[in-house]
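Note that this is a predicted model, so its numbers are computed, not measured.
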Amino acid sequence: MRDLGVGFGYLLKGQRWVARHGKQYGFGLVPGLITLVLYAAALVALALWGQDFVAWSTPFADDWSSPWQGLFRGFLTAVLFALGLLLSVITFTAVTLLIGQPFYENLSEKVDRDVSPDGTAPESGLPLWRELWISGRDSLRIVVRAALWGVLLFALGFIPVVGQTAVPVIGFFVTGFFLTEELTAVALQRRRVELRDRLAMLRSRKRLVWGFGTPLAVAFLVPFVAVFLMPGAVAGATLMVRELLGEETREEAASAPDSESVSW
């Protein structure tokens, strides 16, 4: 159980790090804001035209009598919007990280240099286009896995009692795991750690991962909160990666403000 607290501690350390490094925090907000606008537009479009899409895709119900046609199509419209909302939560981090790869890569390097005893940070040595390709490919694989879990949990949600109690809790833990994978990928890709090895590493410390990712998954249900927590989440994930890989960390560096500090 100790790892749950340690994981949550890394989430807090990451937020404290960006709070003391205002310039990095400001740059880190940009990708999240872009993603938020795109997702908000998509959800608004789904809300406006979702019912029309359901009517178009269910022509067999055109001759149904009232109220069955309205109830059936209303239910499908609600399911469609709920799935869209669920997928937006699951994929928000992946899309934000992909859009903000250069921003978060730079932030993660700054964290590594700040806490490293020798002031250095691991570098992949790959060109930017190659890093973007690897990030996009791996993110797609993770999103597919997460989406399959999401569909399964959504279906289990219709089971009486269990679907309204245990399933949502499991959903937060599953989402937290995948969020942590996406966030730690920024630092791990720079260390040339492949996706399969990353997943094996995280599964070996599930409580640590849940302690970090599950509170974040709950917070990310509120889109604006997700935007403002993203920079700190990347910073915290970088600090956690150092522990997972057994890298030495200069703790006092993580708590000491630098020339980019701001007052809040």
> If you take all heavy atoms of W17 and A235, which pair is closest and at what distance?
Replying inline: CE3-CB, 4.2 Å
> Can you name the nearest heavy-atom pair linking A217 to T175, along with the distance?
Replying inline: CB-CG2, 3.9 Å
> Can you name the salt bridge (charged side-chain N to carboxylate O under 4.0 Å, His left out) partners of D3, sequence neighbours left out?
Replying inline: R205
> Is Y25 close to L29 at the side-chain level, that is, under 4.5 Å between some pair of heavy atoms?
Replying inline: yes
> Within a reach of under 6.0 Å around CD of E194, are more than 12 heavy atoms found that belong to other residues, nucleotides or ligands?
Replying inline: no
> Considering the options V227, I99, V30, which one meets the side chain to side chain contact (heavy atoms under 4.5 Å, CB included) requirement together with T35?
Replying inline: I99
> What pairs of residues pass the salt bridge (Lys or Arg N to Asp or Glu O under 4.0 Å) test when at least one of them lies in residues 226-242, not counting sequence neighbours?
Replying inline: D112-R242, R242-E247
>> Per the ring-ring contact (aromatic ring centres under 6.0 Å, His included) rule, what does the pair list look like for residues 184-209, sequence neighbours excluded?
In response: none
> Got a donor-acceptor contact below 3.5 angstrom from the S57 side chain to the V54 backbone?
Replying inline: yes
>> Taking side-chain hydrogen bond (donor to acceptor under 3.5 Å, both in side chains) as the criterion, tell me which of K110, Q189, R190 meets it with E105.
In response: R190
> For R73, what residues pass the salt bridge (charged side-chain N to carboxylate O under 4.0 Å, His left out) criterion, not counting sequence neighbours?
Replying inline: D62
> Which residues satisfy the salt bridge (charged side-chain N to carboxylate O under 4.0 Å, His left out) test with R203, sequence neighbours excluded?
Replying inline: none
> Taking all atoms of both residues into account, what is the closest heavy-atom pair of F177 and L199, and its distance?
Replying inline: CE2-CD2, 4.1 Å
>> Going by ring-ring contact (aromatic ring centres under 6.0 Å, His included), name the residues that satisfy it together with Y39, two or more places apart in sequence or in a different chain.
In response: F92
> Atom CG of L244 and atom OG1 of T184: how far apart are they, to the nearest 0.5 Å?
Replying inline: 7.5 Å
Could you pull out every donor-acceptor pair under 3.5 Å between side chains of residues 44-51 and any protein atom, sequence neighbours left out?
none

>> Run the ring-ring contact (aromatic ring centres under 6.0 Å, His included) test against F81 and tell me which residues pass, sequence neighbours left out.
In response: none
> Can you find a heavy atom in the side chain of D138 that is under 4.5 Å from one in the side chain of E181?
Replying inline: no
> What pair of heavy atoms forms the shortest contact from P31 to G28, and how long is it?
Replying inline: CD-O, 3.4 Å
>> Quick one, V241 and V193 - any side-chain contact, counting heavy atoms below 4.5 Å?
In response: no
>> Atom CZ of residue position R137 - does it have more than 12 heavy atoms of other residues, nucleotides or ligands inside 6.0 Å?
In response: yes
>> Are L183 and T238 packed together at the side-chain level, in the sense that at least one heavy-atom pair is separated by less than 4.5 angstrom?
In response: no
> Quick one: side-chain contact (heavy atoms from CB on, under 4.5 Å) partners of T120, sequence neighbours excluded?
Replying inline: S116, D118
> Roughly how far, to the nearest 0.5 Å, is CZ of F178 from CG of L202?
Replying inline: 10.5 Å
> How about W64 and F72: do any of their side-chain heavy atoms sit closer than 4.5 Å?
Replying inline: yes
> V37 and V225: same hydrophobic cluster, using ILVMFWY side-chain contacts below 4.5 Å?
Replying inline: no
> Roughly how far, to the nearest 0.5 Å, is CG of L179 from CE of M230?
Replying inline: 9.0 Å
> Can you list the residues that meet the ring-ring contact (aromatic ring centres under 6.0 Å, His included) rule with W68, with sequence neighbours excluded?
Replying inline: none
> Is a side-chain donor or acceptor of Y104 paired with a backbone partner of V186 at a separation under 3.5 angstrom?
Replying inline: no
>> Angle between ring planes, W56 versus F53, binned at 30° and 60°: parallel, tilted or perpendicular?
In response: tilted
>> Using the salt bridge (charged side-chain N to carboxylate O under 4.0 Å, His left out) criterion, which residues pair with E182? Sequence neighbours excluded.
In response: none
> Out of curiosity, L33 CG to L38 CG, how far, rounded to the nearest 0.5 Å?
Replying inline: 11.0 Å
>> Please determine whether a side-chain nitrogen of the Lys or Arg among E109 and R113 lies less than 4.0 Å from a carboxylate oxygen of the Asp or Glu.
In response: yes
> Is there a side chain to side chain contact (heavy atoms under 4.5 Å, CB included) between V18 and F228 once you walk through the steps?
Replying inline: CA-CA 11 Å; V18 295; F228 290 107; over 6 Å; no
> Going from NE2 on H21 to CZ on R16, what distance comes out if it is rounded to the nearest 0.5 angstrom?
Replying inline: 13.0 Å
> Going by heavy atoms in the side chains, are L245 and M201 under 4.5 Å from each other?
Replying inline: yes
> Among all residues two or more places apart in sequence or in another chain, which pass the ring-ring contact (aromatic ring centres under 6.0 Å, His included) test with F173?
Replying inline: W210
>> Using 0.5 Å steps for rounding, measure from the CZ atom of F8 to the CG atom of L11.
In response: 6.0 Å
>> Would T180 and M240 count as a side chain to side chain contact (heavy atoms under 4.5 Å, CB included) here? Give the steps.
In response: CA-CA 10 Å; T180 305; M240 190 167 68; 3.4 Å; yes
> Between A187 and S108, what is the shortest heavy-atom contact and its length?
Replying inline: CB-OG, 3.7 Å
